[in-house]
Visitor: 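Have a look at this one.
The figures that follow rest on heavy atoms only: side chains count, while hydrogens, waters and symmetry mates do not.
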Amino acid sequence: QVRLVESGGGSVQAGGSLRLSCAKPSGYTYSYNCWGWFRQAPGKEREGVAALFTPSGNTYYTDSVKGRFTVSQDNAKNTLYLQMNSLKPEDTAMYYCAADPVCGGNYGILNRNTYGYWGQGTQVTVSS
């Protein structure tokens, strides 16, 4: 089973920044058509935060993070990043990286059902 590897979570004060990274498993050479970031706060549903459609390079964001978060990938397309600026306490959640080689199913790129591969999650805590 493909397991993505996330890093970069932590604790920060409101207004601060963090950068999350998501790497393909070592030795995994296939490309992903889409990959993105999801988050889940206690008692809430897992929601799509940001995603990248690799063939076009188009990026997508949920409304609450537009203008603050930026999703990108390295040139080799082996690592996905999420730069998070102007963090707010409501951004506190477990953040998960997700990817899929096909990105089909017509669920939408910010829908969790689009993705077959997931990471273990990294915690982001923003204090006021």
Visitor: Please report the closest heavy-atom contact between A14 and S128, naming both atoms and the distance.
Guide: CB-CA, 4.3 Å

Visitor: Between Y95 and D91, what is the shortest heavy-atom contact and its length?
Guide: OH-O, 2.7 Å

Visitor: Just by distance, do the side chain of K24 and the backbone of Y30 share a donor-acceptor pair under 3.5 Å?
Guide: yes

Visitor: What are the two closest non-hydrogen atoms of R68 and S86, and how far apart are they?
Guide: NH1-O, 2.9 Å

Visitor: Would you indicate whether the side-chain heavy atoms of Y96 and R112 approach each other to under 4.5 Å?
Guide: no

Visitor: Taking D100 for the side chain and C34 for the main chain, is one N or O donor matched with an acceptor at less than 3.5 Å?
Guide: no

Visitor: Tell me which pairs pass ring pair (Phe, Tyr, Trp, His ring centres under 6.0 Å) where either residue lies in residues 35-59, with sequence neighbours left out.
Guide: Y32-W35, F38-Y115, F38-W118

Visitor: How many angstroms lie between atom OG1 of T70 and atom CE of M84, to the nearest 0.5 angstrom?
Guide: 11.0 Å

Visitor: Kindly give the heavy-atom pair with the smallest separation between S21 and T79, and that separation in Å.
Guide: CB-CG2, 4.3 Å

Visitor: What about Y117 and V49, same hydrophobic cluster or not, with Ile/Leu/Val/Met/Phe/Trp/Tyr joined at side-chain heavy-atom distances under 4.5 Å?
Guide: yes

Visitor: Keeping E6 on the side-chain end and G121 on the backbone end, is there a donor-acceptor pair under 3.5 Å?
Guide: yes

Visitor: What I want to find out is whether K66 reaches D63 closely enough, with some N-O distance under 4.0 Å, to be called a salt bridge.
Guide: yes

Visitor: Does atom CG of N113 have more than 12 heavy-atom neighbours, drawn from other residues, nucleotides or ligands, at distances under 6.0 Å?
Guide: yes

Visitor: Any sub-3.5 Å donor-acceptor pair from T114's side-chain atoms to G108's backbone N or O?
Guide: yes

Visitor: Can you tell me how far CG of L87 sits from CZ of F69, rounded to the nearest 0.5 angstrom?
Guide: 5.0 Å

Visitor: I'd like to know if the side chain of T54 pairs up with that of N33 as donor and acceptor (distance under 3.5 Å, no hydrogens or angles considered).
Guide: no

Visitor: Where do V124 and L20 land on the side chain to side chain contact (heavy atoms under 4.5 Å, CB included) test, with the steps shown first?
Guide: CA-CA 9 Å; V124 171; L20 306 183; 4.1 Å; yes

Visitor: Measure across C22 and L4 and return the closest heavy-atom pair with its distance rounded to 0.1 Å.
Guide: SG-CB, 3.8 Å

Visitor: Indicate the atoms forming the closest heavy-atom contact of V71 with A50, along with that distance.
Guide: CB-CB, 4.0 Å

Visitor: Hey, what do you get for NZ (K44) to CE (M94), rounding to the nearest 0.5 Å?
Guide: 15.5 Å

Visitor: Looking at T92 and V126, would you say the former's side chain and the latter's main chain have a donor-acceptor pair under 3.5 Å?
Guide: yes

Visitor: Just so I know, are the side chains of Y81 and D74 near enough to count as touching, which here means a heavy-atom distance under 4.5 Å?
Guide: yes

Visitor: Measuring from L82:CG to R39:CZ, what's the distance to the nearest 0.5 Å?
Guide: 9.5 Å

Visitor: How long is the straight-line distance from NZ of K88 back to OG of S64, given to the nearest 0.5 Å?
Guide: 8.0 Å

